[in-house]
Amino acid sequence: MINENLKLKDNAYGYHTKECSDNYSKGRPSYPKECIDFLKGLGLSNDSVMVDLASGPGKFTRVLAIDGGFNNITCIEPSGDFRDECEKVLNQVKVENNPSLNFKVLEGLSTSIPLPDNSVDCITVATAWHWFSNIESVREVSRVLKPNGILAIIWNIANFGEGSKNPQQLENIIRLHRDPKFNANNHLPTKSLRDKWRDVFDEMKNDPTTHIYLNPELIKSPSFSNPQITFAEKTIASSLSMSYISLLPPNEKQQFINELKQNLENFYLTSNNKEFTVYYDTEVFYTRKPSN
């Protein structure tokens, strides 16, 4: 159910269904332990106060709690369906992997984080900063971070072309969702937003008055190899979890599924629902709130 008081970009409403939440959990790639080790190397400990902003159904949060061993995690997520799944994921992690885990899953936005001032050691944003790359979000992130606190923006990137382990034909399959004919608004909002995710930091560089919020100079981690074993059903779920595909009318969504299934069946690596590997690189970009 959608909270009518939330102010979201139109396509973000595609995440507010149980079907999309299930597809996201089943299909989207996870994150490698190395990126968590990198974060811990920035001075974080198991008892650091962590916030996973736009946590979705808990894909990255799960890695924070298991591989990172973080014991104090708050998830902020506007979608009720995603929050429900995130709660289930973290309850399971607490029982099976990290009994010391204390967590909360709260409704909120990047511009309205329901936490006190100067209370958080690190805010992570995994595959989501493109939805709210604006100065209002920077101000709110800064408000809740402790002095010298960290904002970490994490991306999974599937590279194709020269030097990539991913065959070029695979790109046409796993990125069919980018074809304009399958876009709810006849443009590519997510790709467009992703291309511009750094814009707010570039704008801040030219406006010294904003430097009280965050250092606008992002520091990039090494690229961490993140191969993901998948298969046709999982690939379809990942594509259906794209916000704008989730919003397609039923007949157009079925057309998309049919074409994707056919493309998967026609390629020798992906036919017959057999397992194949998509090679991702995971990158972390971080900055800090000024210490005074």
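Counting heavy atoms of neighbouring residues, nucleotides and ligands inside a 6.0 Å radius, atom NZ of Lys274 exceeds 12 of them.
In this structure, His130 and Trp155 have tilted ring planes: the angle between them lies in the 30° to 60° band. Below 30°, between 30° and 60°, or above 60°: for Tyr244 and His177 the angle between ring planes is between 30° and 60°, a tilted geometry.
Side-chain contact check for Gln254 and Asn258: at least one donor-acceptor pair (N or O, by modelled atom type) lies under 3.5 Å. Under 3.5 Å, the side chains of Ser223 and Glu283 contain a donor-acceptor pair of N or O atoms. For the residue pair Asn263/Asn172, the side-chain donor-acceptor check at 3.5 Å is not satisfied. Defined by atom type and a distance below 3.5 Å, a donor-acceptor pair is present between the side-chain atoms of Glu171 and Gln168. Side chains of Thr282 and Asn226: a donor on one and an acceptor on the other come within 3.5 Å. Inspection of the Asn134 and Ser137 side chains reveals an N or O donor paired with an N or O acceptor under 3.5 Å.
Using a cutoff of 4.0 Å between basic side-chain nitrogens and carboxylate oxygens, Asp22 and Lys18 are scored as salt-bridged. For Asp37 and Lys33, the salt-bridge test passes: some basic side-chain N is under 4.0 Å from an acidic carboxylate O.
Counting only distance, with no hydrogens or angles, the side chain of Asn156 and the backbone of Ser30 share a donor-acceptor pair below 3.5 Å. No donor-acceptor pair closer than 3.5 Å links the side chain of Ser291 to the backbone N or O of Asn148. Checked by atom type and distance alone, the side chain of Lys40 pairs as donor or acceptor with a backbone atom of Gly68 at under 3.5 Å. A distance-only check finds a donor-acceptor pair linking the side chain of Lys253 to the backbone of Ser246 [under 3.5 Å]. Proximity of a side-chain donor or acceptor of Ser164 to a complementary backbone N or O of Asn166 within less than 3.5 Å is detected.
Under a hydrophobic clustering in which Ile, Leu, Val, Met, Phe, Trp and Tyr are joined whenever their side-chain heavy atoms come within less than 4.5 Å, directly or via other members, Trp129 and Leu145 fall into the same cluster. Note: the hydrophobic cluster containing Leu53 also contains Trp131 (ILVMFWY, side chain heavy atoms under 4.5 Å, direct or indirect links).
Of the inter-residue distances, the one linking Phe276 atom CZ with Ile174 atom CD1 reads 7.5 Å to the nearest 0.5 angstrom.
Residues satisfying the salt bridge (Lys or Arg N to Asp or Glu O under 4.0 Å) criterion with Lys104, sequence neighbours excluded, are absent altogether.
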